[in-house]
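These notes concern the structure reproduced below.
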Amino acid sequence: MAGKIAVGVLGATGMVGQRYIKLLENHPWFEVTYVAASPRSAGKPYREAVAGRWLIGADIPAAVADLPVQDANDPARAVGKCAFVFSALEMGKDEIKALEEAYAAADIPVVSNASANRWTDDVPMLIPEINAAHLDVIRAQQERHGWKKGFIAVKPNCSLQTYMMPLYALARAGYPVRRMVVTTLQAVSGAGYPGVPSFDMIDNIVPYIGGEEEKTERECLKILGSVSGGRIVNASAPLVSSTCTRVPVIDGHTASVNLEFDLPDGRKPKIEDIIAVWESFSSVPQELKLPSAPARPIVYRREENRPQPNRDRDTEKGMACVLGRLRPCGVFDVKFVALSHNTKRGAALGGILNAELLRARGFFDGL
């Protein structure tokens, strides 16, 4: 379509890749022209490659259904067919890291959903409302590798989307947090497909998700960090202690959050002041009017029994952080409950918002 940027999806047959395909249908800026997956799917029309395992609950977009699936392991096949790629690859971290770098070396920028490059210190890990300024590190990344047009940008772990915006909004308003205890109640869709066996989830809660607590405790410090000397320097606070659990909910990660503020003289913000900060919060994606940006990135529910996943996860088309139950904490200062849609804001639609920010800031110019 005239005027749209041609994009590819790596890992297009997987659950997150499928969601990218569906969410990009009729996107005002981007058009899917290239799909790639494992060698066993290569050579098949997309509709055939996902036959019997299309999971999105709507028809495969007609413009993509007959695209031939390419081997994702061969970046050369993407050259000339798309300007950049969304990475929803499902393989080992070392393999993903090497493959994403190979695409970038082929002058194809990578907007990644994968975790392989999250801790590369010149790769921005973006929540656009929080750290759009981290895009400044991309030039240093390109210089280090000798890349001309290619680069890598990633999104953080899905569970962080639940509480990072309210945390940042408070810090920006002059209420920085010293310590935080968070318990996540994560939906089964966060485990991908086929995910957690039903016998483990029905009538049950699983109090462990491999690697999740480490991500929760560390990734927030990079997101809140700053660019210096061509790399991202992590913030020193807040100190985070997390417990991550899997619960029998399809979509929507919930978190119970306790905060201790870092304010002089023991001052504490009032409950209504905190709510006012959250309800008035707006940032770069709203200023730029990015197509996938929520008008209200933080929504506070005053009912005593909200937020709830099946009532609130689709707020602002699944892109809002929905909060509730803010109250004093007997150990720290305040506590609240937060919710976000893990397969929209926390996955593909969050990646699309990252790409929209990159496009608005000129990183796709000349591709």
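Worth saying up front: this structure is predicted, and the values here are computed from it rather than measured.
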For this session: Would you give the length of the straight line joining atom CE of Met165 to atom CZ of Arg345, rounded to the nearest 0.5 angstrom?
Result: 4.0 Å

Problem set entry | Donor + acceptor pair across side chains of Asn113, Tyr20 (<3.5 Å) | yes

Problem set entry | Side-chain donor/acceptor of Asp74 to backbone N/O of Ala76, under 3.5 Å | yes

Exercise. Less than 6.0 Å separating the ring centroids of Phe261 and Phe332?
Worked result: no

Exercise. Stepwise, does the salt bridge (charged side-chain N to carboxylate O under 4.0 Å, His left out) test hold for Lys22 with Glu25?
Worked result: CA-CA 5 Å; Lys22 189 60 185 176; Glu25 185 179 22; 2.8 Å; yes

Exercise. Taking the six-membered ring of Trp278 as reference, does the NZ or CZ atom of Arg296 fall below 6.0 Å from its centre and within a 45° cone about the axis?
Worked result: no

For this session: For Gln161 and Asn342, test the side chains for any donor-to-acceptor distance below 3.5 angstrom and give the result as yes or no.
Result: no

Exercise. Is there a donor-acceptor pair closer than 3.5 Å between any side-chain N or O of Gln18 and the backbone N or O of Arg53?
Worked result: yes

For this session: To the nearest 0.5 angstrom, please state how far the CG atom of Leu349 sits from the OG1 atom of Thr343.
Result: 9.5 Å

For this session: Output, in order, the C-alpha distance, side-chain angles, deciding distance and verdict of salt bridge (charged side-chain N to carboxylate O under 4.0 Å, His left out) for Asp262 and Arg178.
Result: CA-CA 5 Å; Asp262 188 11; Arg178 176 188 290 118; 2.8 Å; yes

Problem set entry | Asp59 atom CG, neighbour heavy-atom count above 12 within 6.0 Å | no

For this session: Give a yes or no on whether the backbone of Gln308 and the side-chain of Asp312 come within a donor-acceptor separation of less than 3.5 Å.
Result: yes

Problem set entry | Option among Lys155, Lys97, Glu100, Arg118 that satisfies the side-chain hydrogen bond (donor to acceptor under 3.5 Å, both in side chains) test with Ser112 | Glu100

Seminar exercise, completed: So CG of Leu259 and NZ of Lys268: to nearest 0.5 Å the spacing works out to 12.0 Å

Exercise. Is a side-chain N or O of Gln142 found less than 3.5 angstrom from the main chain of Gly150, in a donor-acceptor match?
Worked result: yes

Exercise. Would you say Asn204's side chain and Asp200's backbone share a donor-acceptor pair under 3.5 angstrom?
Worked result: yes

Exercise. Applying the 4.5 Å side-chain criterion to the ILVMFWY set and letting contacts propagate, would Val249 and Met201 be lumped into a single cluster?
Worked result: no

